[in-house]
Amino acid sequence: MNMPIFVPGLELSRRFYTEAVRSLLEEAAPDIPHSAAHLGSGSEVLGFDTPRPADRTRGPRLQLFLHRRDVSRHAGRIRHILAEHLPKTFHGHPVRHQVEVTHISAWFTATLGFTPSPEITPTDWLAAPAQLLAEVTAGAVFHDGLRELTPLRHTLRWYPHDIWLHVLACQWKRISWAAPYVTRCGEVGDELGSTIAAARLVRDLMRLCLLMDRRYPPYDKWLGSAFARTSAGHHLTPVLTATLTATDWRTRDKHLNQAYESVADEHNQLGLTDRVNPTARPERFTDALTARISDPTIKELPIVGAVDQFVDAPDVLTRPQLARALYQDVRKPRPDHS
C-alpha cells in the first residue's frame, strides 16, 4: 500500500475545510456564521509533524465554532451531515470525522480552564500550562466569521509584562537552587546524581531561553525542536550537548558555567532590567526582574511561578501552603462572558 504524499497537518486540515467541510456546513446550516480552525493538541499544531506514519495516519481534523445559541439549534444536524457525507479518505489520508462542533467559550474553558474574555486574571495565566497556551495560540484559523477567535488568540499570544517578568524571575530562581547540585553530587562520588542534576539544569536553561524569546515552552517531546528555533539555540546547543555528554562533574560544571554566562548575555540584551553581571549568581537575575514588576499583587507572589514551574519545583517549595497561596481561587466558578 502506497503511503500518501506528506502534507503538513495544518495545510491538510485547511484543504479539508475549504474542499470538503465548508460546503456541507452551508448545506446543513445556511447563513449561520461560524469560525473554523485547527487548534489544540497534536504535533502538527505546533508545526512539528513529520512524514512518520504515526503523524500521517491521524488524518485532517478541525474545530467549527458557532454562536452558543446556534450550537443548541444546529450542531446536531451539522454533525449528522458531516458524518454521513464526508469522504472516507481525503488526499489519501483517512477521515475519521474529526470535526468538533462547539462554541468558543466552551472550547477555551475545556482547554484552558477559563475563557479569555473580558480579562484574564493572574491566576488564569499562572495556572495554565505553557503547553496548553502554546496549543491555543499556535495552529491556524481558516475562517473567522464570528470575529471572536482571532482577537482571543491575540490576547493569549503572550503573558502580560508583569506576569512575564515573574515567570522569568522564577525560572532563574529554579536554576539558582539546582546549580550547586552538580558539584555537590560530584564531590561525594555520585556521578550519576551529578548527571541527573545537570540534565535538569539543561532543561531549565532551554525553557528559560524560550521564555526570553516569548515562546511558550512545549512539553519535553518537542522541547529540543522548539529550543532550536530560539535566538540562543544555535550557539547554545553545542554547550548544552557537551554538558550532557561530559563524563565527570568538573567538566559538566565548566560547560554549565559557560551556558549560564551565555544565557545571562541574552537576558541583558532584552533590556528588561539594568545590566546584570553575566558571571553573577543566578539569583541576582531573579532580584533584578522582580524589582521591575509594577503590579504589587504579582510582585508579592511566592517565587514559584507558573504551574509548570511549581509542580516540578525543588522539595523546598513543595509546601501545601504555597500551593494554596498561589492557586487559592483557581476553582472558584467564573462568569460566562460568551
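These numbers were taken from a predicted model, which means no experiment stands behind them. The figures here come from the full heavy-atom set of this structure, side chains too, leaving out hydrogens, waters and symmetry mates.
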Handout entry: In one Ile/Leu/Val/Met/Phe/Trp/Tyr side-chain cluster, 4.5 Å: Val45, Val21
Key = no
Handout entry: Sidechain-backbone polar pair: Lys299 side chain, Ala291 backbone, donor-acceptor under 3.5 Å
Key = yes
Exercise for the section: Consider only side-chain heavy atoms of I, L, V, M, F, W and Y, link residues closer than 4.5 Å, and tell whether Trp249 and Ile196 are in one cluster. Expected result: no
Practice task
Evaluate the side-chain proximity of Thr123 to Phe114: yes if any heavy-atom separation is below 4.5 Å, no if none is.
Solution key: no
Handout entry: Glu84 (side chain) donor-acceptor with Ile81 (main chain) under 3.5 angstrom
Key = no
Problem - Any donor-acceptor pair under 3.5 Å from Thr115 side chain to Ser105 backbone - result: yes
Distance-only donor-acceptor pairs under 3.5 Å for side chains of residues 22-30, two or more places apart:
none

Handout entry: Heavy-atom side-chain contact between Arg207 and Phe227 under 4.5 Å
Key = no
Handout entry: Flag side-chain contact, heavy atom, 4.5 Å: Leu10 against Asp49
Key = no
Problem - Electrostatic pair Asp190-Arg184, nearest N-O below 4.0 angstrom - result: no
Fill in the blank from the handout: Looking only at heavy atoms, the pair that brings His143 and Tyr17 closest together is CB-OH, 3.5 Å
Exercise for the section: Report yes if some heavy atom in the side chain of Gln63 is under 4.5 Å from a heavy atom in the side chain of Trp107; otherwise report no. Expected result: yes
Practice task
Can you establish whether the number of heavy atoms outside His234 located under 6.0 Å from its atom NE2 is more than 12?
Solution key: no
Exercise for the section: Please determine, by modelled atom types, if Ser262 and Asp265 share a side-chain donor-acceptor pair under 3.5 angstrom. Expected result: no
Practice task
For residues Ser176 and Glu283, report the shortest heavy-atom separation together with the two atoms involved.
Solution key: CB-OE1, 3.3 Å
Handout entry: Pairwise side-chain contact, Arg174 with Arg200, heavy-atom cut-off 4.5 Å (strictly under)
Key = yes
Problem - Ionic contact status for Arg14 with Glu19, cut-off 4.0 Å - result: no
Handout entry: Whether Thr155 side chain and Pro151 backbone form a donor-acceptor pair below 3.5 Å
Key = yes
Problem - Sequence-distant partners of Arg252, side-chain hydrogen bond (donor to acceptor under 3.5 Å, both in side chains), two or more places apart - result: Glu191, Ser194, Thr195
Completion exercise
In short, Asn268 meets Arg275 closest at the heavy-atom pair OD1-CA, 3.5 Å
Exercise for the section: State, yes or no, whether a side-chain contact exists between Arg153 and Val136 at a heavy-atom distance under 4.5 Å. Expected result: no
Practice task
Decide yes or no on salt bridge (charged side-chain N to carboxylate O under 4.0 Å, His left out) for Arg215 and Asp213, but give the supporting numbers first.
Solution key: CA-CA 5 Å; Arg215 298 171 184 258; Asp213 257 20; 3.8 Å; yes
Problem - Closest approach of Pro129 to Asp308 (non-hydrogen atoms, all atoms of both residues) - result: CA-OD1, 3.4 Å
Practice task
Please check if any side-chain donor atom of Ser43 sits under 3.5 Å from a side-chain acceptor atom of Trp222, or the reverse.
Solution key: yes
Exercise for the section: Give a yes-or-no answer on whether the side chains of Arg77 and His74 include a donor-acceptor pair shorter than 3.5 Å. Expected result: yes
Problem - Non-hydrogen side-chain atoms of Ile104 and Arg68 separated by less than 4.5 Å - result: no
Handout entry: Between Asp144 and Ser35: side-chain donor-acceptor atoms closer than 3.5 Å
Key = yes
Exercise for the section: Check the hydrophobic clustering (I, L, V, M, F, W, Y; side-chain heavy atoms under 4.5 Å; chains of links allowed) and say if Ile298 and Trp164 are grouped together. Expected result: yes
Practice task
Would you give the length of the straight line joining atom CG of Leu64 to atom CG of Leu82, rounded to the nearest 0.5 angstrom?
Solution key: 6.5 Å
Exercise for the section: Please say whether more than 12 non-hydrogen atoms of neighbouring residues, nucleotides or ligands are located less than 6.0 Å from NE2 in His154. Expected result: no
Exercise for the section: Can you spot which of Thr243, Thr241, Val239, Leu236 makes a side-chain contact (heavy atoms from CB on, under 4.5 Å) with Val202? Expected result: Thr243
Handout entry: Gln98 side chain to Leu62 backbone, donor-acceptor under 3.5 Å
Key = no
Exercise for the section: Please report the shortest heavy-atom distance between Pro33 and His67, naming the atom on each side. Expected result: CG-CD2, 3.8 Å
Exercise for the section: Work out which heavy atom in Ala37 is nearest to a heavy atom in Leu149; give both atom names and the distance. Expected result: CB-CD2, 3.7 Å
Problem - Atom CZ of Arg292: over 12 foreign heavy atoms under 6.0 Å - result: yes
Exercise for the section: Scan side-chain atoms only and decide if Thr290 and Asp287 contain a donor-acceptor pair under the 3.5 Å cut-off. Expected result: no
Practice task
Name the orientation class of the two ring planes belonging to Trp172 and Phe285 (parallel below 30°, tilted from 30 to 60°, perpendicular beyond 60°).
Solution key: parallel
Exercise for the section: Determine yes or no for a side-chain-to-main-chain donor-acceptor pair under 3.5 angstrom, with Asn257 supplying the side chain and Asp253 the backbone. Expected result: yes
Exercise for the section: Take atom CZ of Arg79 as the centre, draw a 6.0 Å sphere, and report whether it contains more than 12 heavy atoms from other residues, nucleotides or ligands. Expected result: yes
Exercise for the section: Mind checking the NE2-CD1 spacing from His161 to Ile293? Nearest 0.5 Å is all I need. Expected result: 9.0 Å
Exercise for the section: Taking the side chain as every heavy atom from C-beta outward, state whether His38 and Glu11 have any pair of such atoms under 4.5 Å apart. Expected result: no
